[in-house]
Undergrad: 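This is the structure I want to talk about, given as structure tokens.
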Amino acid sequence: MKCLKANTTVIKIGEKEYSLSFNFGVILRMQAKRKGLKVDEIFAGVEKQDFNIISDLLFYGIKWNHPEFKIEQIEELGLGDFEEVF
């Protein structure tokens with residue numbers, strides 16, 4: 001069993017496992033991409049199942065631990081994959 005950083009969990013996309021983090025760095029990267037995005041809007045977006053927020057959160061949360069990760073890997077997910085990710 002590998003040791004994970006705080007606020008990090010392992011998710012599986014297809015046949016590959018990724019470490020997904022949710023921390024200040026992830027929020028900062030999301031806010032840099034989406035100027036004016038507030039933290040409460042992130043939580044509201046997740047609650048409302050806003051795929052723009054959810055895909056950014058997944059992307060930046062995975063990219064934090066896997067610099068080679070590409071946004072296309074999120075965009076190619078099927079709805080069946082979405083259930084497994086969450």
Side-chain angles (χ1 to χ4, degrees):
M1 177 195 287
K2 68 180 177 178
C3 182
L4 293 176
K5 300 175 196 168
N7 303 310
T8 300
T9 189
V10 173
I11 63 167
K12 190 172 181 182
I13 297 177
E15 297 300 316
K16 188 163 182 183
E17 289 186 344
Y18 295 95
S19 298
L20 171 71
S21 295
F22 184 65
N23 56 33
F24 281 103
V26 171
I27 294 169
L28 286 169
R29 290 176 183 190
M30 285 181 69
Q31 288 180 323
K33 179 185 179 219
R34 296 170 168 246
K35 303 291 184 200
L37 180 67
K38 296 181 173 88
V39 175
D40 62 337
E41 292 172 328
I42 294 171
F43 291 110
V46 170
E47 186 177 323
K48 293 177 183 174
Q49 299 179 1
D50 179 336
F51 273 67
N52 291 310
I53 295 288
I54 292 170
S55 64
D56 281 353
L57 191 59
L58 280 173
F59 174 67
Y60 290 109
I62 293 171
K63 193 153 183 80
W64 182 261
N65 300 294
H66 305 274
E68 74 286 354
F69 193 78
K70 305 285 185 220
I71 189 67
E72 291 80 15
Q73 291 170 269
I74 297 293
E75 293 171 346
E76 293 171 354
L77 286 175
L79 291 178
D81 297 318
F82 182 76
E83 183 177 308
E84 187 171 326
V85 168
F86 284 97

Undergrad: N7 and S21: side-chain donor and acceptor closer than 3.5 Å?
TA: no
Undergrad: What class does the angle between the rings of F59 and F69 fall in, given that below 30° is parallel, 30 to 60° is tilted and above 60° is perpendicular?
TA: tilted
Undergrad: For the atom pair CD1 (I11) and CG (L20), what is the distance rounded to the nearest 0.5 Å?
TA: 4.5 Å
Undergrad: Given side chains that start at C-beta, do those of L57 and V46 come closer than 4.5 Å, heavy atoms only?
TA: yes
Undergrad: Any side-chain heavy-atom pair from V10 and Y18 closer than 4.5 angstrom?
TA: no
Undergrad: Would a distance-only check, ignoring hydrogens and angles, find a side-chain to backbone donor-acceptor pair under 3.5 Å from K12 to K16?
TA: no
Undergrad: What distance do I42 atom CD1 and I54 atom CD1 have between them, rounded to the nearest 0.5 Å?
TA: 12.0 Å
Undergrad: How about E68: does its CD atom have over 12 heavy atoms from other parts shown lying under 6.0 Å from it?
TA: yes
Undergrad: Is there side-chain contact between H66 and S19, with at least one heavy-atom pair below 4.5 Å?
TA: yes
Undergrad: Begin with the C-alpha distance, continue with both residues' side-chain angles, and end with the deciding distance and a verdict on side chain to side chain contact (heavy atoms under 4.5 Å, CB included) for I74 and I62.
TA: CA-CA 10 Å; I74 297 293; I62 293 171; 4.3 Å; yes
Undergrad: Is the number of heavy atoms from other residues, nucleotides or ligands under 6.0 Å of Q49 CD greater than 12?
TA: no
Undergrad: Let me confirm one number: the CD-CG distance from E47 to D40, rounded to the nearest 0.5 Å.
TA: 11.5 Å
Undergrad: Give every donor-acceptor pair under 3.5 Å between a side-chain atom in residues 27-35 and any protein atom, sequence neighbours left out.
TA:
{"residue": "Q31", "atom": "NE2", "partner": "L37", "partner atom": "O", "Å": "2.7"}
{"residue": "K33", "atom": "NZ", "partner": "D56", "partner atom": "OD1", "Å": "3.1"}
{"residue": "K33", "atom": "NZ", "partner": "D56", "partner atom": "OD2", "Å": "3.4"}
{"residue": "R34", "atom": "NE", "partner": "D56", "partner atom": "OD2", "Å": "2.6"}
{"residue": "R34", "atom": "NH2", "partner": "N52", "partner atom": "O", "Å": "3.3"}
{"residue": "R34", "atom": "NH2", "partner": "D56", "partner atom": "OD2", "Å": "3.4"}
{"residue": "K35", "atom": "NZ", "partner": "A32", "partner atom": "O", "Å": "3.3"}

Undergrad: With a 3.5 Å distance limit and no angle check, can you tell me whether Q73 reaches the backbone of K70 through a side-chain donor-acceptor pair?
TA: yes
Undergrad: Nearest 0.5 Å, please: how far is CD1 in I53 from CG in L58?
TA: 11.5 Å
